[in-house]
Chemist: 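Below is the structure I would like to discuss, written out as structure tokens.
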Amino acid sequence: ALAERHRKAIHHFKMALVFTPKSTFLHLCIGRQFHHLKEWDAATLWIQKALLYDRSNAKAYLLLGQITQAQKKWKKAEAYYQKALRKDPHLPDAYLELEELWRKQKCSLVQRKKLMKRMIRYLPKRYEGFLQLAQLVEQRGDYARAIELYQKALNREPSEAIALYRLANI
């Protein structure tokens, strides 16, 4: 049932392209629908078409990173996430996806911590960077700093369950 909805959405987006054939947004929407269907080649094709009209679209590179990560092409996914962040350092999902990729690849805590500090610098009102950084410093054993960072995450999102849980267990 859900796959059918994605297919219908693709159909409607393609119809809209008749009126605005150079729409980066519509090409990305189609690519995203194919991504949900796990049709990687089609998704990549539509996102690359979107990039023909807007090479600086950070969301397109983020989506390419997600697609290549789903295909277990780690280095390529990392390059796409990095490119998304170069195009738009205010894109929180790019930081979170890259940190998750590095965590799975067992990259150093130092490298991941630098990434989260960069996220906090560019997105100081978002809680996610503080939360991720708190978890990293907690892993390192710096509990006082972790508590401080969890509290900063909670100042931005008071009902953040992970931060509340982690604070209760330190």
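Please read all numbers here as calculations on a predicted model, not as lab measurements.
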Chemist: Are L96 and Y61 joined in one hydrophobic group, where the rule is that I, L, V, M, F, W and Y side chains link up if heavy atoms are under 4.5 Å apart?
Modeler: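 L96 and Y61: separate clusters.
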Chemist: Do L149 and Y143 belong together in a cluster built from hydrophobic side chains that touch within less than 4.5 Å?
Modeler: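 The answer is no; the residues belong to distinct hydrophobic clusters.
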Chemist: Could you check if a side-chain atom of K76 sits within less than 4.5 angstrom of a side-chain atom of Q71, using non-hydrogen atoms only?
Modeler: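 A side-chain contact is absent here, since even the closest heavy-atom pair is not under 4.5 Å.
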Chemist: To the closest 0.5 Å, what do you measure between CG (N57) and CG (L28)?
Modeler: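 With rounding to 0.5 Å, CG (N57) is 5.0 Å from CG (L28).
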Chemist: For a quick test of reading the model, state the closest non-hydrogen atom pair linking A84 to L91 and the distance between them.
Modeler: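 Here A84 and L91 meet closest at CB-CD2, 4.3 Å.
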Chemist: Quick check: are there more than 12 heavy atoms from other residues, nucleotides or ligands sitting under 6.0 Å from CG of N169?
Modeler: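 More than 12 within 6.0 Å, yes.
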Chemist: Under a 4.5 Å side-chain heavy-atom rule over Ile, Leu, Val, Met, Phe, Trp and Tyr, are L85 and L123 clustered together?
Modeler: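 Linked, L85 and L123 end up in one cluster.
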Chemist: Contact between R7 and L37 at the side-chain level, heavy atoms closer than 4.5 Å - yes or no?
Modeler: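 SC-SC contact between R7 and L37 confirmed.
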Chemist: More than 12 heavy atoms of other residues, nucleotides or ligands under 6.0 Å from NZ of K87: is that the case?
Modeler: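 Enclosed.
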Chemist: Looking at CD of Q105 and CH2 of W74, how far apart are the two atoms once the value is rounded to the nearest 0.5 Å?
Modeler: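 So the gap between those two atoms works out to 7.0 Å.
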Chemist: Using every non-hydrogen atom in the two residues, find where A58 and D88 come nearest and quote the distance to one decimal.
Modeler: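 Heavy-atom minimum between the residues: CB-CB, 3.5 Å.
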Chemist: Is there a side-chain contact between Y150 and I170, using heavy atoms and a 4.5 Å cut-off?
Modeler: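 SC-SC contact between Y150 and I170 confirmed.
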Chemist: In the structure I gave you, are the side-chain heavy atoms of K152 and E148 within less than 4.5 Å of one another anywhere?
Modeler: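 With C-beta onward as the side chain, the pair touches.
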Chemist: Between atom NZ of K83 and atom CG of L51, what is the distance when rounded to the nearest 0.5 Å?
Modeler: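 Between K83 NZ and L51 CG, I get 8.0 Å after rounding to 0.5 Å.
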Chemist: If I take atom CG from residue D41 and atom CZ from residue F34, how far apart are they, to the nearest 0.5 angstrom?
Modeler: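 Those atoms lie 11.0 Å apart.
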Chemist: Scan R145, Q139, R140 and name whichever one has a side-chain hydrogen bond (donor to acceptor under 3.5 Å, both in side chains) with D142.
Modeler: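 That would be R140.
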Chemist: Do E157 side-chain atoms and E160 backbone N/O form a donor-acceptor pair below 3.5 Å?
Modeler: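 Checked: no pair found.
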Chemist: Would you find more than 12 non-hydrogen atoms of other residues, nucleotides or ligands less than 6.0 Å from R5 atom CZ?
Modeler: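 Open.
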Chemist: Is the H27 ring parallel, tilted or perpendicular to the W46 ring (thresholds 30°, 60°)?
Modeler: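 Ring orientation of H27 relative to W46: tilted.
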Chemist: So, taking the atom named CD in E100 and the one named CD in Q66, what distance separates them when rounded to the nearest 0.5 Å?
Modeler: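 Reported value, rounded in 0.5 Å steps: 11.5 Å.
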Chemist: Would you indicate whether the side-chain heavy atoms of M116 and K113 approach each other to under 4.5 Å?
Modeler: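 With C-beta onward as the side chain, the pair stays apart.
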Chemist: C107 and R112: which non-hydrogen atoms are nearest, and at how many Å?
Modeler: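 Scanning both residues completely, I find the closest heavy atoms to be O-CD, 3.8 Å.
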Chemist: If Ile, Leu, Val, Met, Phe, Trp and Tyr residues are connected whenever their side-chain heavy atoms lie under 4.5 Å apart, and connections chain through other members, are I120 and L98 in the same group?
Modeler: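 Yes; tracing contacts between hydrophobic side chains, which count when under 4.5 Å, links both residues.
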Chemist: Within the distance-only criterion (no hydrogens, no angle test), does the side chain of T20 pair as donor or acceptor with the backbone N or O of L17 below 3.5 angstrom?
Modeler: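 It does not hold such a pair.
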Chemist: Run E99 and M119 through side-chain contact (heavy atoms from CB on, under 4.5 Å) and show every step you take.
Modeler: CA-CA 10 Å; E99 197 279 330; M119 180 181 183; over 6 Å; no
Chemist: At their closest point, which heavy atom of I67 faces which heavy atom of H35, and how far apart are they?
Modeler: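 Here I67 and H35 meet closest at CG1-CD2, 3.3 Å.
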Chemist: Would you sort out whether Y95 and E128 count as a side-chain hydrogen bond (donor to acceptor under 3.5 Å, both in side chains), showing the intermediate values?
Modeler: CA-CA 9 Å; Y95 290 101; E128 296 96 330; over 6 Å; no
Chemist: Check P124 against F130 and note the closest heavy-atom contact, atom names and distance.
Modeler: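 Taking every non-hydrogen atom into account, O-CE1, 3.6 Å.
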Chemist: Would you give the length of the straight line joining atom CG of L131 to atom CG of L136, rounded to the nearest 0.5 angstrom?
Modeler: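 So the gap between those two atoms works out to 9.5 Å.
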Chemist: Would you say Y53 ends up clustered with I30 if hydrophobic residues are merged whenever their side chains have heavy atoms under 4.5 Å apart, either directly or through other cluster members?
Modeler: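 Per the 4.5 Å side-chain linkage, I30 and Y53 are not co-clustered.
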Chemist: Do you know the tightest heavy-atom contact between Q69 and Y81?
Modeler: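 Shortest heavy-atom separation between Q69 and Y81 comes out as OE1-OH, 2.6 Å.
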Chemist: Can you check whether H90's main-chain N or O pairs, donor with acceptor, with R126's side chain at less than 3.5 Å?
Modeler: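 It does not hold such a pair.
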